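Shown next, in structure tokens, is the structure this report addresses.
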Amino acid sequence: MSEAVHSADQAQYPIRLGRADEFARVCQFLRAIGFEEGTINQVLPLDDQGQFDPARWEQIKLISVPAPLRLLIEIFIRGEAIPEREFRAHCDNDTYAAFHSLGLIRPKIHDSDLLVSPVWLYPMDGFVVASDRYEDPDGNPFVAPADVIYPGLNPHTARFLQFLPDARGGDALDLCGGCGIGALRLSRTARCAVSADVTQRSAFFTDFNGRLNGAAITSLCGDLYEPVHGREFDVISAHPPFVPAVGNRRLVFRDAEEFGEEITRRIIAGLPTHLRAGGTCVIVCAARDTDQPFEQRVFDWLGDGRDSFDVLFGEHNVLSIEKVIQSIQKHSPQVGQEEVAQLSAQIHAAGTRQYAYGTLMIRRRSERAAQVPRRVRMMPQAGAVDLVRMLDWRQFSQQKDFMQWLATSKPRFSPQTELTVRHVARDGALVEAEHTFRANGNLRLAVRPDPWMVPLVAGLNGKRSVEEVFAAAQSAGVTPQGFTLEAFGALVSLMVERTFLEVELPGWRDQAA
């Protein structure tokens, strides 16, 4: 139960917190009818980006869908009014009463023979989730409240879930909780899953969704870490607002101060206090590249304890300032040209080069051993395991006896690795000018070694150790004077980190997305 929302406050929300048996009855009915993600996604109108597109409903044919499921789609996803007698025909009186008691259905105003739902109810990630609607169920003029609960069916939320790590029985905190989908996902593997959001509306919806799915989550209301003062967690996640705020009409789930990164900065600044050693933080966000790349700025935001943190930024996309401004204008047509011009001038004056959108994964170590923050380009299919593996390797490579271990290891090239050679014309002949290793897997990475290194690295085939390959190259006289086993080991380590080489790591921790 949320510590911020009490039964006396429920009148201001479209749904109600009922009894446990009512939640269980509703959830059981929905699943029995087939109101599940795999089934629903076959009929949802989705655009090319996988985002729900209500404007395309007229193109969707539900004739082949069984009648009970069709009714649920019409009332809970499409937002249509349906005859009460038809709804009752497919459920018993106790189930109907449970839907009504929880506020998921009610009679339409001025036509009590029809039922409407005041919320959007949809399957997602194996759960059933309630969010606010974007129109009035009775057809009246509608303006979304500033604290509107944004629906989770969108590419950004899907990516956020894609990068949530396995909590491995630890304590998990999801900040900027929204509808609660992050805490729901974490509850599958966490000992304790907590959601926190600045609005009471969010805390209420999260509490409702937790009860509806029988998930043991705690929903709190407060400004970021305020409601968990003095507590530490093994996983901290967030999908914070990251759109630069402009104009008087601002939405809590979307708009984030002057440059769109203040909430992200505050979350990161709180990690030294709230993230346990060995813990992981995941944030899906957008922020600025200035004279320093975003990941370096993140490292600085960690303050005096930064040397205990390893920072990776999985970049999904970069946007010019002009593209950001155009997006704001598209989604906030009420914002005037003067306000837009002022925002653009402020962003440029702050030294912004571009905006980077992606996933931050930050791990806290028990020892202080600073590593350079790293940015990697992510492919659409990438997930938590890809960044976790890179963090594991970076942490393992800091151990005292790492180079001795690496020298005896037997790396081999991973299947997604390719080597391209660029030739240029010199004195009328084609000569090799550049060698590039690329990984065609979940990470878009490249390494360009000196040409003489390529045959040396090519000797790593999983059958010979690093030191054996190095010794053979030295005996053949193909290494320059002064090139040491340690220098070769550093190159091998980089290529393992960048996924060009693979090697069996003792105690390798696979984490599911």
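Note that the structure is a prediction, hence the values are computed from the model and not measured.
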Asp197 (side chain) donor-acceptor with Thr199 (main chain) under 3.5 angstrom: yes

Enter the distance from Gln200:CD to Ser219:OG here, rounded to the nearest 0.5 Å. 10.5 Å

Per the salt bridge (charged side-chain N to carboxylate O under 4.0 Å, His left out) rule, what does the pair list look like for residues 212-227, sequence neighbours excluded? Asp223-Arg266

About how many Å separate CZ of Arg85 and CG of Leu114, when rounded to the nearest 0.5 Å? 8.5 Å

Under the rule for side-chain contact (heavy atoms from CB on, under 4.5 Å), what residues qualify as partners of Lys323, not counting sequence neighbours? Leu319, Ser320, Gln326

State which residues pass side chain to side chain donor-acceptor pair (under 3.5 Å) with Asp113; sequence neighbours excluded, sorted by chain then number. none

According to salt bridge (Lys or Arg N to Asp or Glu O under 4.0 Å), who are the partners of Arg364, at least two apart in sequence or on a separate chain? none

Distance-only, no hydrogens or angles: does the Ser414 side chain make a donor-acceptor pair with backbone N or O of Phe500 under 3.5 Å? yes

Smallest heavy-atom separation, Phe205 atom then Ala130 atom, equals CD2-O, 3.3 Å

With a cut-off of 3.5 Å and sequence neighbours excluded, list every side-chain donor-acceptor pair involving residues 227-235.
unit_1 : atom_1 : unit_2 : atom_2 : d
Asp234 : OD2    : Asp171 : N      : 2.8
Asp234 : OD2    : Arg276 : NH1    : 2.8

Quick one: closest heavy-atom pair of Arg106 and Pro118, and the distance? NE-CB, 4.5 Å

Please name the pair of heavy atoms, one in Gly126 and one in Arg31, separated by the smallest distance, quoted to 0.1 Å. O-NH2, 3.5 Å

Heavy-atom pair with the smallest gap, counting every atom of Ile362 and Leu275: O-CD2, 4.2 Å

To the nearest 0.5 Å, how far apart are CG in Asn442 and CG in Leu387? 10.0 Å

Looking at every heavy atom in both Gly177 and Thr206, which two are closest together, and how far apart are they? O-OG1, 4.4 Å

Any chance you could measure Thr264, atom OG1, to Arg288, atom CZ, to the nearest 0.5 Å? 12.0 Å

Checking Glu315 now: which residues fulfil salt bridge (Lys or Arg N to Asp or Glu O under 4.0 Å) with it, not counting sequence neighbours? Arg375, Arg377

Name all residues meeting the ring-ring contact (aromatic ring centres under 6.0 Å, His included) criterion together with Phe313; count only those two or more places apart in sequence or in a different chain, and write none if there are none. Phe294

Do any N or O atoms from the side chain of Tyr122 and from the backbone of Ser131 form a donor-acceptor pair under 3.5 angstrom? no

Residues in side chain to side chain donor-acceptor pair (under 3.5 Å) contact with Ser237, at least two apart in sequence or another chain: Asp174

Pairing donors with acceptors under 3.5 angstrom, does anything connect the side chains of Asp92 and Thr95? yes

For a quick test of reading the model, state the closest non-hydrogen atom pair linking Pro123 to Glu37 and the distance between them. CB-N, 3.5 Å

Output yes when Arg25 and Asp21 qualify as a salt bridge under the 4.0 Å nitrogen-oxygen rule, no when they do not. no

By side chain to side chain donor-acceptor pair (under 3.5 Å) - contacts of Arg498 (at least two apart): none

Gap between atom SG of Cys179 and atom CZ of Phe208 - 0.5 Å precision: 12.5 Å

Taking the inter-plane angle between the rings of Phe29 and Phe87 on a 0 to 90° scale, is it parallel (under 30°), tilted (30 to 60°) or perpendicular (over 60°)? tilted

If you round to the nearest 0.5 Å, how far is CG of Leu312 from CG of Asp386? 11.0 Å

Results of ring-ring contact (aromatic ring centres under 6.0 Å, His included) for Phe437 - residues two or more places apart only: Phe413

Please enumerate all residues that pass side-chain contact (heavy atoms from CB on, under 4.5 Å) together with His156, with sequence neighbours excluded. Asn154, His239, Tyr357

Salt bridge or not for Arg374 and Glu295, using N-O below 4.0 Å? no

Expected output: side-chain Asp289 to main-chain Gln354 donor-acceptor under 3.5 Å: no

Can you give me every donor-acceptor pair (side chain of residues 97-105, partner residue at least two apart or in another chain, under 3.5 Å) with its distance?
unit_1 : atom_1 : unit_2 : atom_2 : d
Ser101 : OG     : Glu22  : OE1    : 3.3
Ser101 : OG     : Glu22  : OE2    : 3.0

